[in-house]
Student: 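Before I ask anything, here is the structure I am working with.
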Amino acid sequence: MQLKFSCLLMILFLSSLVSNAKRHDRENDYAISKHEFMLSVGYATPSIVRSYLKHQTSREDIVVSGVGPLLAKTEFMISNRFGICINASYSNYKVSWYQDSYDTILQKYRPFEMGIKSYELAGTVRGNYHFWKRAKIDYYAGIGVGYGLFLIG
């Protein structure tokens with residue numbers, strides 16, 4: 001499972017490099033210009049809750065696991081300075097442990113898996129203003145609106 005996930009991350013990273021690659025014919029060419037399209041994918045810092053639980057749990061029988069956030073972003077430049085962007089992210093985590101409880105069907109105590117699972121999905125539409133552009137560097141700021149879905153089960 002870990003190997004498959006590492007391979008997936010490497011593929012996503014390489015596709016991001018390829019999709020952002022651009023030929024620079026002149027010295028004054030910018031990283032991104034009018035009518036260009038950019039696509040990027042990534043893996044962000046894990047959830048604060050998941051990180052905290054993983055490193056601060058004193059019980060050895062508690063398992064903390066999860067994936068993400070996985071990110072995807074696409075932007076279309078409507079001018080040399082303004083772009084329209086769509087962002088999406090997904091993450092999940094699970095905290096679990098086994099605890100002896102009474103099974104009413106078997107009429108005896110046995111271990112049950114206890115815990116919490118959560119899933120996070122978010123999407124944002126935003127406008128970006130690219131205020132400092134060079135051949136390999138592009139600083140920008142933006143504002144947007146979005147929707148987030150957070151499920152705990």
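Just so you know, these numbers come straight off a predicted model, no measurement behind them. No hydrogens, no waters, no symmetry mates; every other heavy atom, side chains included, goes into these values.
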Student: In terms of hydrophobic clustering (I, L, V, M, F, W, Y; side-chain heavy atoms under 4.5 Å; direct or indirect links), are Phe150 and Ile116 co-clustered?
Tutor: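 Yes.
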Student: With a cut-off of 6.0 Å (strictly less than), are more than 12 heavy atoms of other residues, nucleotides or ligands near CD1 of Ile78?
Tutor: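 It does: Ile78 CD1 has more than 12 such atoms within range.
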Student: Determine the minimum heavy-atom distance between Ile152 and Ser118, stating which atoms define it.
Tutor: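 Ile152 and Ser118 have their closest heavy atoms at CG1-CB, 4.1 Å.
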Student: I'd like to check Val95 versus Trp97 (side-chain heavy atoms, cut-off strictly below 4.5 Å). Are they in contact?
Tutor: yes
Student: Could you tell me if the side chain of Met77 sits less than 4.5 Å from the side chain of Phe37, heavy atoms only?
Tutor: no
Student: Hey, does Tyr43 have a side-chain heavy atom less than 4.5 Å from the side chain of Pro69?
Tutor: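 Not touching, per the 4.5 Å side-chain cut-off.
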Student: Let me see the working for His35 and Ser79 under side-chain contact (heavy atoms from CB on, under 4.5 Å), right down to the final yes or no.
Tutor: CA-CA 7 Å; His35 296 139; Ser79 74; over 6 Å; no
Student: Out of curiosity, Glu113 CD to Ser96 OG, how far, rounded to the nearest 0.5 Å?
Tutor: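 Spacing of CD (Glu113) from OG (Ser96) equals 4.5 Å.
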Student: Please go through Tyr102's hydrophobic cluster and name the other residues, only I, L, V, M, F, W, Y counting, with side-chain heavy atoms under 4.5 Å joining them.
Tutor: Tyr109
Student: Identify whether Met38 and Leu71 are in the same connected component of the hydrophobic contact network (ILVMFWY, side-chain heavy atoms under 4.5 Å).
Tutor: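 Met38 does not cluster with Leu71.
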Student: If Ile, Leu, Val, Met, Phe, Trp and Tyr residues are connected whenever their side-chain heavy atoms lie under 4.5 Å apart, and connections chain through other members, are Leu151 and Tyr147 in the same group?
Tutor: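 Both belong to a single hydrophobic cluster.
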Student: Kindly indicate, with the supporting measurements, whether the criterion side chain to side chain donor-acceptor pair (under 3.5 Å) is fulfilled by Asp138 and Tyr140.
Tutor: CA-CA 6 Å; Asp138 178 23; Tyr140 62 91; over 6 Å; no
Student: Report the C-alpha distance between Ile86 and Lys73 in whole Å, list the side-chain angles of each, state the deciding distance to 0.1 Å, and finish with yes or no for side-chain contact (heavy atoms from CB on, under 4.5 Å).
Tutor: CA-CA 6 Å; Ile86 297 174; Lys73 173 185 160 185; over 6 Å; no
Student: Do you know the tightest heavy-atom contact between Thr74 and Leu39?
Tutor: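 So the two residues come closest at CB-CD1, 4.2 Å.
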Student: Please find the pair of heavy atoms, one from Ser101 and one from Met114, that lie closest to each other, and give the distance.
Tutor: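 Reported closest heavy-atom pair: OG-CE, 3.7 Å.
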Student: If you look at every heavy atom in Asn128 and Cys85, which pair is closest and at what distance?
Tutor: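 The answer is ND2-CB, 3.6 Å.
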Student: Count I, L, V, M, F, W, Y as connected when their side-chain heavy atoms are under 4.5 Å apart, and connections chain through other members. Are Phe131 and Ile84 then in the same cluster?
Tutor: yes
Student: Assess whether atom OH of Tyr139 is packed by more than 12 heavy atoms of other residues, nucleotides or ligands within 6.0 Å.
Tutor: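 Result for OH/Tyr139: open.
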Student: Hey, what do you get for CG (Asn92) to OH (Tyr119), rounding to the nearest 0.5 Å?
Tutor: 6.0 Å
Student: Is it the case that atom CD1 in Ile143 sees more than 12 heavy atoms from other parts of the structure closer than 6.0 Å?
Tutor: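 Check fails, neighbour count at 12 or below.
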Student: Hey, what do you get for CH2 (Trp132) to CZ (Arg81), rounding to the nearest 0.5 Å?
Tutor: 11.0 Å
Student: Could you list who else is in Val63's hydrophobic cluster, with ILVMFWY side chains joined at under 4.5 Å, directly or through other members?
Tutor: none
Student: Any side-chain heavy-atom pair from Glu36 and Glu75 closer than 4.5 angstrom?
Tutor: no
Student: For the rings on Tyr129 and Phe82, is their centre-to-centre separation under 6.0 Å?
Tutor: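 Yes - the distance between ring centres of Tyr129 and Phe82 falls below the 6.0 Å cut-off.
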Student: Just wondering, do Glu120 and Ser89 contact through their side chains at under 4.5 Å, heavy atoms?
Tutor: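 Not touching, per the 4.5 Å side-chain cut-off.
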